[in-house]
Amino acid sequence: MDASLVVALAALVLWYCVDALSASRHILNIILILPVTAVVLALCAIQLAREALRPSPPAQKVEPIGNAPTSFALFAGFVVALPWLGFDVGSCLFLMAYLWLQGERRWTWIFGYSLTFASTASLFFGAMLPYPMPMLVFPP
Amino acid sequence: MIEFDALKEGLDLLFLDPNNWLIIVPGILIGLIFGAVPGLQISMAMAVFLPVTLYMDFTKAMLFLTAIFTGGGFGGSIPAILMNIPGTSSAIATAFDGYPMSRKGRHETALGIALGASCVGVILGYGLLLLLIGIISEWVLKVGPAEMAAVILWGITMIGTLSTGNRLKGVISGLVGLLIGTVGYSEAGVARGTMGSPYLLDGVPAIPAMIGMFAASELLRLSNVQYLVEEKGMRQARPSAIARGFLEVFSHFGTIVRGSAIGVFVGSIPGIGSSIANLLSYMTTKKRSRDPSTFGKGNPAGVVASESANSTSEAGSMATLLALGIPGGGATAVMLAAFAMHNITGGPQFIREETDVVYAIIIANLTQAILLIAFGLCFIPLLANVIKVPMRYLVPSVLALAIFGSFGLTGDMSGPLTVLTFSLVGWLFKRHGFSVPATVVGILLGGAAEESLIYTYQISGGLWTYVFERPATIVILVLLVVSVFGEKLLNTIKRTH
């Protein structure tokens, strides 16, 4: 997996450099990107060579992934749905779903906490920020 | 050196009008709250309250804004220690050891140390500024783009090599961050790496990226944990323990002095000062330590090094603002706006003609640091109660707050989407031994590094031999090489002899 991440990083960096070069070959455009890309690619090659040549290390204790993918999927859903659900309803639903997923079964707590937190945060940020926030219930 | 007549006038200006203190107290509290809420920025607090200063005279306006700056400077360390969310880029290194201390149940000590190092750092920093403002203003004039580019490269390389077990992966992380920091429109007027998204035309939003990489990724990992501090008996926020942590700072006095010196001088470099000062101080302290392996695992010296440097970098950036009229970052940019609102231009003339006001600002900051001790000791126990909250409540609440805050930073969905994307990147990087801090600093400073290289190219007319005419640049580049290869070279020399 380590090697895959190194390859992915090298590919990303190479794509970025090619994209920058295709946009403009003017020195002002590539003065940093070109040399840094070259160094990153060289370092990635060294890292890959090291991993390939090194005798396979003893199996390390890797932290279990646990709930992280589920939490991330929920978080991603919350962020992506914000333009439609608004910050008020979106954050309330996110909190409710997260609490339920993590084992909270007291519905008064799930509803009470989520509603209080989402409305306080929405009203506070809505009042503090100089631009309108997407909201479904509270006025933007 | 000090002009005593102007100093006396400055003291009169400050202490003969009791209204000045009525302004400073709410200023510190506003700063503390904005600094402590993840996603809110000190510069945002200052910008929000800037219109209020229109009705004040210039001295009061500056006292109010600097009070927010001082309060926020420390406030940012609270989420860094308790939740691994550096509220600002200047609190990144505070999280390195502050957060592991919290996980071990030493959050009270960490918060006390952060408060102590911040306050002592501010006092030392502004004390130094009082003595050296003339010298610093001359020094800052000599720092050109070549030196800035070299400092950025040095900083990123240091962080990359020291913040992870694998040096190579660390440097790769930093350089990848540097490239991400250049996405968007270039000086040549073309867009790079935007994938056609209008959100990326101005570049990757750096602070939301930082929140995603540091905080959201860690919070996702913590989904498997019941409480921030596992042991029930340690989930307390006792004022006495925080006060003991505060006093512990004095056993690290050498680290504070070193951090303060780094903070004042590096902090005075416009644009990058505060982001780099805390990291350089942290890395220097780690390098000089007898047991560097304890850093990143909850060594109090790491918190002292970071907090003393970031609080004094405030003094450094104020020096640049006062002496040259150049803001060092977002917060001092708001102060520059306050200068403009009162028809005042910072610079050598301002220092020469309004020396009493300059001294009043410096002394006010010294006093603010003492007030901050009292406010900090009163408010930290309240804020530290966050450790008693079960993680199933804390994680979604902080994630939601980070999303609210990131929207506040960008004004559109690019902020929340950046937090989301970089939370995944940060999680992957952490799992596979890449350096998250190096990537974040790279993202923060990528634009500045490219700009500095372009200016160097333009000034030199494309002749790279120009670097050899800049002794400071050469010294920094030599330091860079020594910090990467020095240890290996020494070991090789020892082996051969």
Side-chain angles (χ1 to χ4, degrees), chain A residues 1-2 5-6 9 12-13 15-17 19-20 23-24 26-29 31-33 36-37 39-40 43-44 46-47 50 62-64 66-68 70-72 74-76 78-80 82-83 87 91 94-95 97-99 102-104 113 117-118 121-122 124-125 128-131 133-134, chain B residues 40 44 47-48 166 168-169 171-172 175-176 178-180 182-183 186-195 216 219-221 223-224 390-393 395-397 399-401 403-405 407-408 411-413 416-417 419-420 423-424 427-429 431-434 446 449-450 453-454 457 462:
Chain A
M1 181 62 189
D2 263 13
L5 193 57
V6 175
L9 281 176
L12 186 76
V13 163
W15 165 80
Y16 180 52
C17 186
D19 190 58
S24 165
H26 195 284
I27 185 137
L28 296 187
N29 192 45
I31 193 165
L32 179 86
I33 295 172
V36 172
T37 301
V39 174
V40 172
L43 294 178
C44 285
I46 296 171
Q47 176 65 24
R50 264 190 187 179
V62 182
E63 192 180 342
N67 294 330
T70 323
S71 304
F72 182 78
L74 198 59
F75 183 48
F78 161 54
V79 173
V80 172
L82 274 177
F87 277 79
S91 53
F94 169 64
L95 282 157
Y98 192 95
L99 285 172
Q102 292 293 325
E104 182 60 83
Y113 180 76
F117 181 91
S122 302
F124 175 74
F125 278 90
M128 293 305 293
L129 299 180
Y131 22 75
M133 297 179 81
Chain B
L40 291 184
M44 191 193 282
V48 166
N166 184 327
L168 209 54
K169 281 185 182 174
V171 178
I172 292 173
L175 295 178
V176 168
L178 207 59
L179 288 174
I180 296 172
T182 62
V183 167
S186 74
E187 291 282 322
V190 293
R192 309 156 302 184
T194 60
M195 293 172 279
L219 287 167
L220 291 171
R221 202 173 66 82
S223 299
N224 308 322
M391 290 310 282
R392 64 176 182 274
Y393 282 87
V395 169
S397 310
L399 282 174
L401 265 186
I403 293 300
F404 275 90
F407 183 88
D412 55 31
M413 282 306 292
L417 289 171
V419 173
L420 176 67
S423 61
L424 185 63
W427 185 72
L428 278 172
F429 270 33
R431 277 189 77 80
H432 297 286
F434 284 83
E450 189 178 42
L453 278 179
I454 289 172
Y457 173 79

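The model shown is predicted, which means the values in this text are computed figures rather than measured ones.
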Query raised in the report: Can you tell me how far CD of B:Glu187 sits from CD1 of A:Ile31, rounded to the nearest 0.5 angstrom?
Result: 10.0 Å
Report summary line: Heaviest contributor of heavy-atom pairs below 4.5 Å to chain A, chosen from B:Leu179, B:Leu453, B:Ile454, is B:Leu179
Query raised in the report: Does B:Pro416 reach the side chain of A:Phe78, with side-chain heavy atoms less than 4.5 Å apart?
Result: no
Query raised in the report: Is it the side chain or the backbone of A:Thr70 that comes within 4.5 Å of chain B heavy atoms, both, or neither?
Result: neither
Report task. Decide yes or no on side-chain contact (heavy atoms from CB on, under 4.5 Å) for A:Gln102 and B:Val395, but give the supporting numbers first. Result -> CA-CA 10 Å; A:Gln102 292 293 325; B:Val395 169; over 6 Å; no
Report summary line: Honestly, the part of A:Phe75 sitting under 4.5 Å from a heavy atom of chain B is both
Query raised in the report: side-chain contact (heavy atoms from CB on, under 4.5 Å) between B:Leu399 and A:Phe94: does it pass, once the steps are laid out?
Result: CA-CA 10 Å; B:Leu399 282 174; A:Phe94 169 64; 4.0 Å; yes
Requested in this report: Supply the atom-to-atom distance B:Ile172 CD1 to A:Cys44 SG, rounded to the nearest 0.5 angstrom.
Outcome: 4.0 Å
Query raised in the report: With respect to chain A, which residue among B:Leu175, B:Asp412, B:Leu420, B:Leu178 yields the maximal number of heavy-atom pairs within a distance under 4.5 Å?
Result: B:Leu420
**Report entry** Most contacts with chain B, counted as non-hydrogen pairs under 4.5 angstrom, among A:Asn29, A:Leu32, A:Leu74
**Finding:** A:Asn29
Query raised in the report: With a 4.5 angstrom heavy-atom cut-off, which part of A:Cys17 approaches chain B: side chain, backbone, both or neither?
Result: neither
Requested in this report: Enter the distance from A:Leu9:CG to B:His432:NE2 here, rounded to the nearest 0.5 Å.
Outcome: 10.5 Å
Report task. Flag the one option from B:Ser397, B:Ala400, B:Ser423 with the top tally of heavy-atom pairs under 4.5 Å to chain A. Result -> B:Ser397
Report task. Go through the atoms of A:Phe72 and report whether side chain, backbone, both or neither lie under 4.5 Å from a heavy atom of chain B. Result -> both
Query raised in the report: Between CG of A:Asp19 and CZ of B:Arg192, what distance do you get to the nearest 0.5 Å?
Result: 9.5 Å
**Report entry** Point-to-point distance, once rounded to the nearest 0.5 Å, from OH of A:Tyr113 to CZ of B:Arg392
**Finding:** 11.5 Å
Query raised in the report: Side chain, backbone, both or neither: which part of A:Leu43 has an atom under 4.5 Å from a heavy atom of chain B?
Result: both
Report task. Under 4.5 Å, counting heavy-atom pairs only, tell me which of B:Ile180, B:Leu417, B:Thr182 racks up the most with chain A. Result -> B:Thr182
Query - Reported CG-to-CD distance for the pair A:Leu28 and B:Glu450, which is rounded to 0.5 angstrom - result: 9.0 Å
Query raised in the report: Where does A:Ile46 contact chain B at under 4.5 Å (heavy atoms): side chain, backbone, both or neither?
Result: both
Query raised in the report: Does the side chain of A:Leu5 come within less than 4.5 Å of B:Lys169's, by heavy atoms?
Result: no
Query - Choice from B:Ala191, B:Gly446, B:Gly189, B:Ala188 maximising heavy atom contacts with chain A below 4.5 Å - result: B:Ala188
**Report entry** Closest approach of B:Gly411 to A:Tyr131 (non-hydrogen atoms, all atoms of both residues)
**Finding:** CA-CE1, 3.2 Å
Query raised in the report: Stepwise, does the side-chain contact (heavy atoms from CB on, under 4.5 Å) test hold for B:Phe434 with A:Val6?
Result: CA-CA 10 Å; B:Phe434 284 83; A:Val6 175; 3.8 Å; yes
Requested in this report: Fit a plane to each ring of B:Phe404 and A:Phe87, take the angle between them on a 0 to 90° scale, and name the class: parallel (under 30°), tilted (30 to 60°) or perpendicular (over 60°).
Outcome: tilted
Query raised in the report: Which heavy atom of A:Ser24 sits nearest a heavy atom of B:Val190, and at what distance?
Result: CB-CG2, 3.8 Å
Report summary line: With chain B, the option among A:Ile27, A:Thr37, A:Val13 that has the most non-hydrogen atom pairs under 4.5 Å is A:Ile27
Query raised in the report: Tell me, side chain or backbone of A:Tyr98 under 4.5 Å from chain B's heavy atoms, or both, or neither?
Result: side chain
**Report entry** Option that, when pairs with chain B are counted at under 4.5 Å, heavy atom only, ranks first among A:Leu82, A:Val40, A:Leu99, A:Val80
**Finding:** A:Leu99
Query raised in the report: Which answer fits B:Leu424, side chain, backbone, both or neither, if we ask what part of it has an atom under 4.5 Å from a heavy atom of chain A?
Result: both
